2 protein chains.
Amino acid sequence: MTQQVSGQTFSERPRATVMEDVAARAGVSAMTVSRVLNTPEKVRPDTRARVLDAVRELGYRPNFAARSLVTGRSGALGVVSFDTTLYGPASTLHGIEQAARTHDYLVTIVNVTTLNRRSIAEAVNRLRFQSVDGVIIVAPHESAADGLHHLPPDLPAVVVGARESLPVPVAAVDQAAGAVRATRHLLSLGHDTVWHLSGPEDWIDASTRVEGWRSVLSAEGRQIPDPLRGDWSARSGFEAGRQLARDPEVTAIFAANDHMATGVLRALREAGRRVPQDVSVVGFDDVPEAPYLWPPLSTVRQNFTEVGRLAFRLLLERIDGRTATPHRMIEPELVVRESTGARQSG
Amino acid sequence: MTQQVSGQTFSERPRATVMEDVAARAGVSAMTVSRVLNTPEKVRPDTRARVLDAVRELGYRPNFAARSLVTGRSGALGVVSFDTTLYGPASTLHGIEQAARTHDYLVTIVNVTTLNRRSIAEAVNRLRFQSVDGVIIVAPHESAADGLHHLPPDLPAVVVGARESLPVPVAAVDQAAGAVRATRHLLSLGHDTVWHLSGPEDWIDASTRVEGWRSVLSAEGRQIPDPLRGDWSARSGFEAGRQLARDPEVTAIFAANDHMATGVLRALREAGRRVPQDVSVVGFDDVPEAPYLWPPLSTVRQNFTEVGRLAFRLLLERIDGRTATPHRMIEPELVVRESTGARQSG
DNA sequence: GATGCAAAAGGGAGCGCTCCCACGGAAAAC
DNA sequence: GTTTTCCGTGGGAGCGCTCCCTTTTGCATC
């Protein structure tokens, strides 16, 4: 009474070739095929060649789920990031992806719109559910700290751009050092002091840059003006710039990123203050447009791509169980262009 | 002589809780646990509650690989994209990710540095290897066409920003329409004709914008200057701008993107030509900084995020086997700011 | 109280792969 | 020539889940 002989049932689905098919074609066992794929050196060259031929002829692609079921590895890593539309996160992601690709890892991304314990946990869980081998969290906010302290201990993780020492490795650019360089550069041009337009409150990079800037002024015994606060956008830079333009004392401005600096440049110009003759402006990031603003913007270059690569390396160390470097900094670089100049007396 | 009783072996690995554990705890079979997770309505409420409690108490997370092995679905989709550092691709990716998230899909990304048949095939294969349920290919290059015509037929795919009718659905912004609007806007301000700074040769968007621009000039019987060619960068815009600034006939410039327009603005200013009094400039994209350039840049806004969402919707249709809309366009929008103005009689 | 019937729950196979172990045969040692 | 060694290969179990099919259960009906 068996009916499965019909042969018509399921004829719709062509059934992908599996390892057994390759084995049959090559005249070996499935085991040997598996070996050729994973530890080729343990298979005699001629057998290996035969198997490889069969693989090619049949267009065989190993089933990822099956492999990962038994190995417990997925070959994918997760990136939790805040708004990958921003230049920094986008470049970091790019660096991660690039490094991952050369190591045959795939990158799965989850964007978060807010950074707190709950949102981080949620994003990480989504990724775990897909059994990624590890996660990189791009969390430039102070408010992320709580979430980062409570990451699942059994999941290899690396954080990009966090502040304090965490239970996980951190890859970051030395923001303070960058701010120090920018500020010193302006002072060295003869300016009495440097005004600062900072990033939004919750951002670690913003406060670290404030600290760097302040430390230089304080060490040199200069007047420390209240920093203005922007939100990274050119718009906020423009608004702050209008305010600064009104004050004739202002001759040097350190904006916490290039987009805000862009807005500052426009505000200064509209107010009739020349850059750099009347006011010098330094940005931060070195976005690709920076050299082509008017005037070309002096800024602090941070190599986001390199940070991404570094983060991946640290994660790989974690995944492979090697002792991971706890915290690693990348040095930013001052790029002097034409938006900064010697203070004109008077 | 058995030694496995030692109990020490493998004690390192705590062994994650599996469905059977949950079943035991809830006093049901594994089958029922599976039902609670997948088709809860088929389980009596009290049983369901008991199972859910057990899940919670044990912190059970279903093994993704095992599930995907048997269902043949992974809940992940792949995005193949050209340089996600660029504003357009980054925003598109963001839109895709956003839409995917609300539908419980995860997004895995592969960047490609060149777009041709080989590189596309390679990227798609990497993704297939991870058994994604479908792929979205962001392929703004002419040279990608070949690769897009040879996608594996059994893998649901959607293309973003391709030109011609492909065997797969396409989501795109109507570039030609945008260029038409930009050009008409400039003509309506009284300019005799419009110079064009186009994007790099291989880019579909670049040539489509050229076509739109040319069609308007041609329809209106205007002189059609040779378009200059840039590479999307502010630098190339700057160089082209210097060239254009030399020609006093040039009173209206349509740059194929905002970054190039940024460079053009600088070049014009350095040459002493005022914007918009002497020369009007229109960009394309409406990057976030555009309103804060000096002067604020008139441009054509293309909603990349919306394109990403659309692409995801189309892909979902494919995955679910619904008839997919073949080609869908999103309308761009002209945004008039201060870089364009009426032609001053010269 | 017996019977019928739908709904709820379970048994067991199997998805495709890797890994432990066993085994055969050729090379090396006796 | 025989035994030992070792390399290359194969058999078979099992990873954790879903799904087909069967069994059990609860409950209305006669």
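Side-chain atoms are counted along with the backbone in the values below, which use heavy atoms only and exclude waters and symmetry mates. Since this is a predicted model, take the numbers as computed values, not measurements. Letters A, B, ... are given to chains in the order of the sequence lines, protein chains preceding strands, and every chain is numbered from 1.
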Atom [atom1] of [X] and atom [atom2] of [N]: how far apart are they, to the nearest Å?
| X | N | atom1 | atom2 | answer |
| --- | --- | --- | --- | --- |
| L58(B) | dG16(D) | CG | P | 14 Å |
| K42(B) | dA9(C) | NZ | P | 13 Å |
| L69(B) | dA13(C) | CG | P | 17 Å |
| M19(A) | dG16(C) | CE | C1' | 8 Å |
| Y60(B) | dG16(D) | OH | P | 10 Å |
| M31(B) | dA8(C) | CE | P | 14 Å |
| R48(A) | dC7(D) | CZ | C1' | 14 Å |
| R73(A) | dT18(C) | CZ | P | 14 Å |

Nearest heavy-atom neighbours spanning [X] and [Y]:
| X | Y | value |
| --- | --- | --- |
| Y60(A) | V18(A) | CE1-C, 3.5 Å |
| F82(B) | T113(B) | CE1-O, 3.1 Å |
| D133(A) | S74(A) | OD1-N, 2.8 Å |

>> For a quick test of reading the model: is some side-chain N or O of R67(A) closer than 4.0 Å to OP1 or OP2 of dT18(C)?
In response: yes

> Given dT18(C), is OP1 or OP2 found less than 4.0 Å from the side-chain N or O atoms of S34(A)?
Replying inline: yes

Compare the minimum distances between each of [options] and the side chain of [X], then state the nucleotide with the smallest one.
| X | options | result |
| --- | --- | --- |
| T47(B) | dA9(C), dG10(C), dG11(D) | dA9(C) |
| T32(A) | dG16(D), dT18(C), dG10(D) | dG10(D) |
| N38(B) | dG10(D), dT18(D), dG16(C) | dT18(D) |

> With a 4.0 Å cut-off, would you call D53(A) and R50(A) a salt bridge?
Replying inline: no

> Do E122(A) and R126(A) meet the salt-bridge criterion of a basic N to acidic O distance under 4.0 Å?
Replying inline: no

> Hey, does the side-chain of R35(B) have a donor or acceptor N/O within less than 3.5 Å of a partner on the base of dG10(C)?
Replying inline: yes

> Base, sugar-phosphate alone, or nothing: which one does S68(B) contact when heavy atoms must sit under 4.0 Å apart?
Replying inline: nothing

>> Mind checking if F64(B) touches a base, just sugar-phosphate, or nothing, with heavy atoms under 4.0 Å?
In response: nothing

> Of R61(B) and R44(B), whose closest DNA chain D nucleotide lies nearer the 5' terminus?
Replying inline: R61(B)

>> Heavy-atom nearest nucleotide on DNA chain C for V70(B) versus E41(B): which residue maps closer to 5'?
In response: E41(B)

